[in-house]
Amino acid sequence: LLERTRAMAELVALAIKCGQTKAVSFMLTSPATTHVFSNVGAAEEMHKTVHDGLWETTRQITRHQMECFGALLDVFANTDSATGGKLLDEGVIYATSEYSEGYQHSVNELPVLLAGGGCGRLRAGHHLREQGGNVSRAQLTALRALGLPFDSFGFNGGETSSPFSDILV
């Protein structure tokens with residue numbers, strides 16, 4: 001999975017660099033994954049592993065997933081953009097999971113990682129937690145870091161006009 005991630009990241013980075021696209025969606029495995037991470041010793045699919053409470057195996061799977069995410073970031077950090085900068089410095093990568101606590105199917109406090117510099121509009125190295133927060137704030141923050149003129153984002157009770165301004169430059 002790690003080598004496949006690197007290969008896909010290189011293809012995506014090339015498409016962005018060549019101007020074929022400005023936005024991509026990349027999913028490592030399907031939601032509520034039935035993928036068996038045998039490479040880390042999992043005997044069953046991830047979904048069952050989590051529901052069975054096999055927490056050490058779950059940690060190994062999560063570590064592997066983060067290594068794959070790191071590989072994607074490395075490719076973007078080392079790929080020159082068409083303007084001569086690095087793709088990661090000029091862009092924003094929004095990463096999340098479909099659940100915050102998979103074994104409960106909870107969507108409260110979804111984990112979100114914002115990576116990249118947004119051409120200097122996104123401040124790095126911050127950890128924010130907003131108990132009971134609105135994930136649309138992270139999405140609005142990403143959009144504004146990309147320089148897009150969104151006043152608000154979200155719908156159906158999740159709309160916000162308040163980004164995480166302490167990480168926007």
Side-chain angles (χ1 to χ4, degrees), residues 1-13 15-17 21-33 35 37 39-40 46-47 49-50 55 57-79 81 85-148 150 152-154 158 160 162-169:
L1 200 53
L2 185 57
E3 289 308 313
R4 190 177 320 162
T5 298
R6 280 193 187 102
M8 291 302 295
E10 289 173 9
L11 287 172
V12 167
I16 292 170
K17 180 178 180 173
T21 187
K22 291 185 182 214
V24 295
S25 176
F26 180 86
M27 187 173 5
L28 186 61
T29 60
S30 63
T33 187
H35 186 87
F37 289 87
N39 60 310
V40 299
M46 182 181 178
H47 190 253
T49 298
V50 171
W55 303 123
T57 303
T58 301
R59 278 188 282 283
Q60 293 297 322
I61 291 169
T62 303
R63 185 173 292 115
H64 179 69
Q65 291 173 320
M66 291 296 100
E67 287 171 357
C68 290
F69 182 61
L72 180 124
L73 293 178
D74 286 345
V75 167
F76 276 65
N78 293 309
T79 301
S81 72
K86 298 295 184 186
L87 289 181
L88 189 59
D89 293 334
E90 295 179 5
V92 174
I93 296 177
Y94 176 96
T96 191
S97 173
E98 72 271 20
Y99 297 121
S100 55
E101 293 184 74
Y103 73 101
Q104 294 181 1
H105 292 201
S106 173
V107 295
N108 295 324
E109 295 188 45
L110 284 174
V112 173
L113 291 169
L114 295 179
C119 288
R121 290 183 291 269
L122 189 62
R123 187 173 287 127
H126 283 71
H127 175 265
L128 304 171
R129 181 178 182 193
E130 183 180 52
Q131 289 185 319
N134 181 349
V135 72
S136 294
R137 289 189 69 198
Q139 294 161 335
L140 181 59
T141 302
L143 291 169
R144 290 205 183 156
L146 288 168
L148 299 172
F150 280 77
S152 64
F153 187 82
T160 186
S162 177
F164 291 114
S165 56
D166 42 341
I167 62 172
L168 287 172
V169 176

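Note that the structure is a prediction, hence the values are computed from the model and not measured.
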**Q** Where is the tightest heavy-atom contact between Phe164 and Ala138, given as atom of each residue plus distance?
**A** CE1-N, 3.6 Å
**Q** How close do Ala145 and Arg121 get, heavy atom to heavy atom, and via which atoms?
**A** O-NE, 2.8 Å
**Q** Determine whether Thr57 and Phe37 satisfy the following criterion, side-chain contact (heavy atoms from CB on, under 4.5 Å), listing intermediate values before the conclusion.
**A** CA-CA 9 Å; Thr57 303; Phe37 289 87; over 6 Å; no
**Q** Just by modelled atom types, is the Gly158 backbone N or O under 3.5 Å from a matching donor or acceptor in the Asn134 side chain?
**A** yes
**Q** Counting N and O atoms only, with roles assigned by atom type, does the side chain of Thr160 sit under 3.5 Å from a partner on the main chain of Arg137, one being a donor and the other an acceptor?
**A**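 The answer is no, because no donor-acceptor pair under 3.5 Å joins these two groups.
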**Q** How close do Gly154 and Ser136 get, counting heavy atoms only, and between which atoms?
**A**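 That would be CA-OG, 3.8 Å.
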**Q** Would you confirm whether Thr21, through its side chain, and Ala15, through its main-chain N or O, come within 3.5 Å as a donor-acceptor pair?
**A**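 Looks like no, no N/O pair under 3.5 Å.
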**Q** Hey, could you give me the CG/OG distance between Leu88 and Ser81, rounded to the nearest 0.5 Å?
**A**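 Reported to 0.5 Å precision, the distance equals 11.5 Å.
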**Q** Applying side-chain contact (heavy atoms from CB on, under 4.5 Å), run through Val40 and Arg63 and close with a yes or a no.
**A** CA-CA 9 Å; Val40 299; Arg63 185 173 292 115; over 6 Å; no
**Q** Nearest 0.5 Å, what's the OG1-CD distance between Thr141 and Gln139?
**A**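 Answer rounded to 0.5 Å: 9.5 Å.
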**Q** For the pair Arg144 (side chain) and Phe150 (backbone), establish whether a donor and an acceptor sit closer than 3.5 Å, ignoring hydrogens and angles.
**A**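 Yes, the answer is positive, given that a donor and an acceptor are paired below the 3.5 Å cut-off.
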**Q** Can you sort out the partners of Thr79 under side-chain hydrogen bond (donor to acceptor under 3.5 Å, both in side chains), two or more places apart, ordered by chain and number?
**A**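 Thr79 satisfies side-chain hydrogen bond (donor to acceptor under 3.5 Å, both in side chains) with no residue once adjacent residues are dropped.
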**Q** Heavy atoms only: give me the nearest Val92-Ala142 pair and the separation to one decimal.
**A**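 Where Val92 meets Ala142 most closely, the heavy atoms are CG1-CB, 4.1 Å.
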**Q** Side-chain contact, heavy-atom cut-off 4.5 Å: Thr5 with Phe26?
**A**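 SC-SC contact between Thr5 and Phe26 confirmed.
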**Q** Can you tell me how far apart CD1 (Ile167) and CG (Leu114) are? Round to the nearest 0.5 Å.
**A** 5.0 Å
**Q** Only pairs under 3.5 Å count here: list side-chain donor-acceptor contacts from residues 64-76, not counting sequence neighbours, and write none if there are none.
**A**
unit_1	atom_1	unit_2	atom_2	d
His64	ND1	Asn39	ND2	3.4
His64	NE2	Asn39	ND2	3.3

**Q** Are any of the side-chain heavy atoms of Lys22 and Leu146 separated by less than 4.5 Å?
**A** no
**Q** Sequence neighbours excluded and cut-off under 3.5 Å, please list the side-chain donor-acceptor pairs for residues 122-129, or say none.
**A**
unit_1	atom_1	unit_2	atom_2	d
Arg123	NH1	Asp166	O	2.7
His126	ND1	Ala124	O	3.1
Arg129	NE	Glu109	OE1	2.7
Arg129	NH2	Glu109	OE1	3.1

**Q** Start with the C-alpha distance between Trp55 and Val50, add both sets of side-chain angles, then the distance that settles side-chain contact (heavy atoms from CB on, under 4.5 Å), and finish with yes or no.
**A** CA-CA 7 Å; Trp55 303 123; Val50 171; 4.1 Å; yes
**Q** Measuring from Leu140:CG to Leu168:CG, what's the distance to the nearest 0.5 Å?
**A**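 Taking CG in Leu140 and CG in Leu168, the distance rounds to 8.0 Å.
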